[in-house]
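Below is one structure, written out as structure tokens; comments come after it.
Every value quoted in this text rests on a predicted model; they were computed, and no experiment measured them. Below, chains carry the letters A, B, ... as their sequence lines are ordered, and counting in each starts from 1.
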Amino acid sequence: MMVIRPICQNDLKSLYRLAEKTGIGFTSLVPDEAILQKKIDGAVRSFAKDNVTKPSNEDYLMVLEDSTTGDIVGTCGVLATVGLDEPFYSYHLGTITHASRELGVHNAVPTLILNNDFTGCSEICTLFLEEDFRHSKNGQLLSKARFMFMAQFPERFTEKVFAEMRGVSDENGVSPLWESLGRHFFSIDFKEADELTAQGNKQFIAELMPNNPVYVNLLPKEARDVLGHVHQNTVPARRLLEQEGFRYENYVDIFDGGPSLEARVQDIRAVRDSRLCLANIGQPKGIGEGSYYLVSNAKVADFRCILIQRSIPPGSAMTLTQEEADSLCIITKEPVRVVELSPYSRG
Amino acid sequence: MMVIRPICQNDLKSLYRLAEKTGIGFTSLVPDEAILQKKIDGAVRSFAKDNVTKPSNEDYLMVLEDSTTGDIVGTCGVLATVGLDEPFYSYHLGTITHASRELGVHNAVPTLILNNDFTGCSEICTLFLEEDFRHSKNGQLLSKARFMFMAQFPERFTEKVFAEMRGVSDENGVSPLWESLGRHFFSIDFKEADELTAQGNKQFIAELMPNNPVYVNLLPKEARDVLGHVHQNTVPARRLLEQEGFRYENYVDIFDGGPSLEARVQDIRAVRDSRLCLANIGQPKGIGEGSYYLVSNAKVADFRCILIQRSIPPGSAMTLTQEEADSLCIITKEPVRVVELSPYSRG
Amino acid sequence: MYLVRPVDFADLPALERLAQQVGIGITNFPANRERLNDKIASSRRSFQTDVVQPGDESYLFVLVDTSNEKIVGCCGIDAMVGADAPFYSYRIDEVVHASPQLQIHNRIPALYLCHDYSGTSRLIALVVDKAHQNPLAMSLLSKARLLFIARYPERFTKRLFAELRGESDKQGYSAFWDALGKHFFSMDFQKADYLSAVSNKHFIADLMPRYPIYVPTLPEAAQDVIGVIHEDSSQSADILLEEGFEFRGYVDIFDAGPTIEARTESLHTITQQKTGKALSLTEKSKGAMHLISAGHLDSFRVTAAPAEPQVAGLALEKVTQEKLAISAGHRIQWVAL
Amino acid sequence: MYLVRPVDFADLPALERLAQQVGIGITNFPANRERLNDKIASSRRSFQTDVVQPGDESYLFVLVDTSNEKIVGCCGIDAMVGADAPFYSYRIDEVVHASPQLQIHNRIPALYLCHDYSGTSRLIALVVDKAHQNPLAMSLLSKARLLFIARYPERFTKRLFAELRGESDKQGYSAFWDALGKHFFSMDFQKADYLSAVSNKHFIADLMPRYPIYVPTLPEAAQDVIGVIHEDSSQSADILLEEGFEFRGYVDIFDAGPTIEARTESLHTITQQKTGKALSLTEKSKGAMHLISAGHLDSFRVTAAPAEPQVAGLALEKVTQEKLAISAGHRIQWVAL
């Protein structure tokens, strides 16, 4: 059975192995033991806090474990807040209108405005699934388990949550936006800039990035065309978030122009539609057929989330198999949270 | 019976009478016959277009008529797009982070950034109800009838729609934001600036307003405190829109700092939950008790919307009284759109 | 022999012919009869008005080929630009962005829209018929203005500037316009250029970018022409640069042609010019070439001729005296060429 | 009698005492023993180094009361600021916003963060013991620097500036800081001032506002002190203004005190100073007051004394010659006071 759980100190090697497989451009997971250990320490500390009333510097990093083998095959995370230690930068794609009534000219000029608007906001991040496990809805489990955690513990996150999506670059890692814009100011390579950012070193952005708005209409077409667009490999991930209610609100990455998607936590479909019920352990009917459901427990440090299939929609009580209950770390009559895996599996 | 319908050429006198009652600060309805006649002409033209595939310069101005007396007692409207003839300005409340790791100082400074980001976007506006008729849920009918029209004709509006809310000012019309900011650049009174804007004259904003971001932390407290806040008289209107799913996304009015609320049309509760059904004319059960419902027809030029009360939720067919059907300008078997008046009247 | 004198209404057909020859890129000399007539009228008024401080006066001079009394050139001075509508330029400022940690120190030039030349006197439109573009005619026409300024300093500001035509090809294609202005004006260079000459310039404030433009983000072809002089203007540019005009980082908002400026008091012609009595040169053609002016305001005349400075004044040939409509003993102004 | 000479390590206690007397608001003279010792070391190095063009040298001079050999004042010159970290100032620029239709024409001053003085020589910290703040001592100390610059022009830039202390009260409260800096630095004026003196100044880039500040949006108390000199600095300010320093619209980023600048070549002391031979003054105390310097680099000395210019040189009293450690025939430099 595939189970989502908080990362723990024993997972360093597995996490390193995953990090090695992510490749360039995946800045939140780099194969560097010291950095990864720090990440694990932070996550362990975050899940251990049991009296959180408002989000601060927590990093909820989780892993997807194949419980039959004990292998870690994926990871996902939520940062309670970004930008409070190091500034968090983005470009806002705005509009400036220039009009001359006299000449009948009216131009709505798009502009890129450097900002730190996401400062203090929760971010979902670090989603990675091993290639061999990209089947059986593992990807959806990995991505949406976070929403189950957020639904259960909304006080640990901000009202709004966002996700940065990888922007367009070619097979050599060349980003059209970077070539037309960032390069002129940073005097370093996209890759190098990306790595510095990954290491939490953002001082250089404040130092080197111009403050004034950039007129988008002056950028070459290939740069304009990638603003707000995701890398082709990221199209499915974007669609998945959009189905959950995430929206592109004109914020893009300052390097590659990839979109940020945002949602109010309470408006995320999996949060809004999920409900608590009490678990019964027994022989559920219609198991292994029908619709898929995410089921999680209501615990912080022992958070678990799994995927089940039922032909009959769960009611106010939820019957789970012993294996399912064990995977969820619950006993009978403990509360579980349940939601349809995707918006289409409901009524 | 109270009926929402498109404004027509005969309504000039009634509209003028309403405009006289709006008072200062209500810039979209001023008692000036020429301006009002132009507005009516525009609305009549807009409702007469029957082949609209995308929003352009339409102005859908509707009135609330008391069908027993024939009096016009309220008005509401939707602009298909703003900012395409005259620039449409707003301030975006953003964040700039200044941090020195060395000194352990981290400041997230809010900034006001002048923009025309709503250019080309649909706006709901011009909501006014006579004081004597502020009862019996007439206000809700007036406001939400627009969503029924938008639900029926989404192609006539943009994906996102917004509303500007009146900001804070005192009994003498003094706006704290204006006094601290606008006054320095405009060298005229708030009232005068407001009137110029009402007359569609916005050239002076481009000419006089500074382009650079304004640091909010440098403004006096009384100015900071009103950013994104509505006038006390507007609190109910704001709550009503928020219940429908409208959100404050950090855009404020450049003069008084009043918030703009926005929503995707498809996410508005009244749009999302409304459904089409076929009308039966007869003797409906449970009339005049139970929940309230908005019912509209599916016509453009002859658009109508009324409020009904039923103790039994309408099903896939909808039984209406002859009077209701007449008010809706429909005959039996014609489609009508129905939705619960408020989110709390359902399930 | 050449003579420079204030323009008159009778010169209109000749001016129109000259303007057509010039073509695009000299915004203050449009080939529009009505507009040219207005310019002549304004110039006449300016020469005839009593002035205590510079205002909206505009002085136009013509270059006459005295062999046939034909008009073969034109130039002028605006007493002060920006009195009605602001006068726009781009100022090239460098923004410094440095990261000590990465050992990067970038100086990034950016174009800032400004009206720093508003309220300043401007030399306008030096236009000379192709057949007469020789150094003598060009220098005479250009420097005649400076003699006028030296003579009537109260009519001009202490700072003086001139716009040099920027790089564009025969078809009027400007790489700079193409990369920048076009996106904001939604019209071609010719039209913007023309409107700028004939309209109230208000459309510039309405349509121009309000934020600085970082030069490195422009296409290279556009970067390459910033501050570059059109080859047709290089001769007149050289005359002004030798006079002491300097480039201080300002360029034209349309074609990025350089703006050059000077303090009037430090210009060569103005510091070197002398006034004194006209004397008669006894030996023919003896003496070095001089610019010599005579006459008050609308009878102001300048010519270039051999002359000999003497203790009592400047000795001129008879023919020169005739051209200037003076005789020995008259008060004149001169400078060695 | 007073004498100005380069600082030495033995002067540390005296400097520390002076710094404590000065208090807040003179960022380049902090009451920090270690830091002052560094400054002395740097000055010693600077006087002893061969320099072909200005770099990070910093020259400190002390004012000695020769009656008791006590240090009663201090001043200095930085050869070039901004070599390591940029030197920040606010430039006051006016932005023009006009609406012809409404007949409104606003000129709005705005503060732009800049490093326009990076790469320029700076006069630093004129500090004089209260009991010795007389015109003679102040002039001697201030102008001694200019004589040094005249003597070693290759060690300094052609442009020279000085920062004048801005308005703040006895408790160090600055209305300008309170309205602006405080919001960005999250610390009090004293601390920022101190950090600016002792740290690498990198925090300024990190924390300062990046967008211009529109002056009319500041509280009036803050607007009122922009470019205003602290009364304690008015005497030293007057000396520099009389020398030819000018205010060009730059103010300090912390307290908005004015920055004044000049081209070294145009300063009174520098244009008027002469070099020549020391002669002996026969009659006692005859002659006008002069500043007289002698000695090379770290033995450079300046004093103020009566002296008489003669064709062969400057005639000095015996006692003056002794103070300067010269005798008749030595090469000296002087200027009338």
- Answer yes when Lys144(A) and Glu244(A) have at least one side-chain N-carboxylate O distance shorter than 4.0 Å, and no when they do not. yes

- Task: Measure up the Tyr251(B) and His92(B) rings against each other and bin them: parallel (under 30°), tilted (30 to 60°), perpendicular (over 60°).
- Result: tilted

- Message: Given heavy-atom pairs under 4.5 angstrom as the criterion, report whether the side chain, backbone, both or neither of Glu262(A) touches chain B.
- Response: side chain

- Message: Which one wins on heavy-atom pair count under 4.5 Å against chain A: Leu93(B), Asn250(B), Thr119(B), Leu114(B)?
- Response: Thr119(B)

- Task: Look at Lys160(A), Glu249(A), His98(A) and state which one has the largest set of heavy-atom pairs under 4.5 Å with chain B.
- Result: Glu249(A)

- Given that the side chain runs from C-beta out, which part of Asp85(B) has a heavy atom under 4.5 Å from chain A: side chain, backbone, both or neither? backbone

- Ionic contact status for Glu340(A) with Arg275(A), cut-off 4.0 Å: yes

- Using a cut-off of under 4.5 Å on heavy-atom pairs, state which of Ile96(B), Asn212(B), Thr111(B) scores highest against chain A. Ile96(B)

- Cationic tip of Arg337(B) within the cone over Phe147(B)'s six-membered ring, i.e. under 6.0 Å and within 45° of the normal? no

- Query: Does any heavy atom of chain A fall under 4.5 Å from the side chain of Ile113(B), the backbone, both, or neither of them?
  - Reply: side chain

- Is a salt bridge present between Arg156(A) and Glu58(A), judged by a nitrogen-to-oxygen distance below 4.0 Å? no

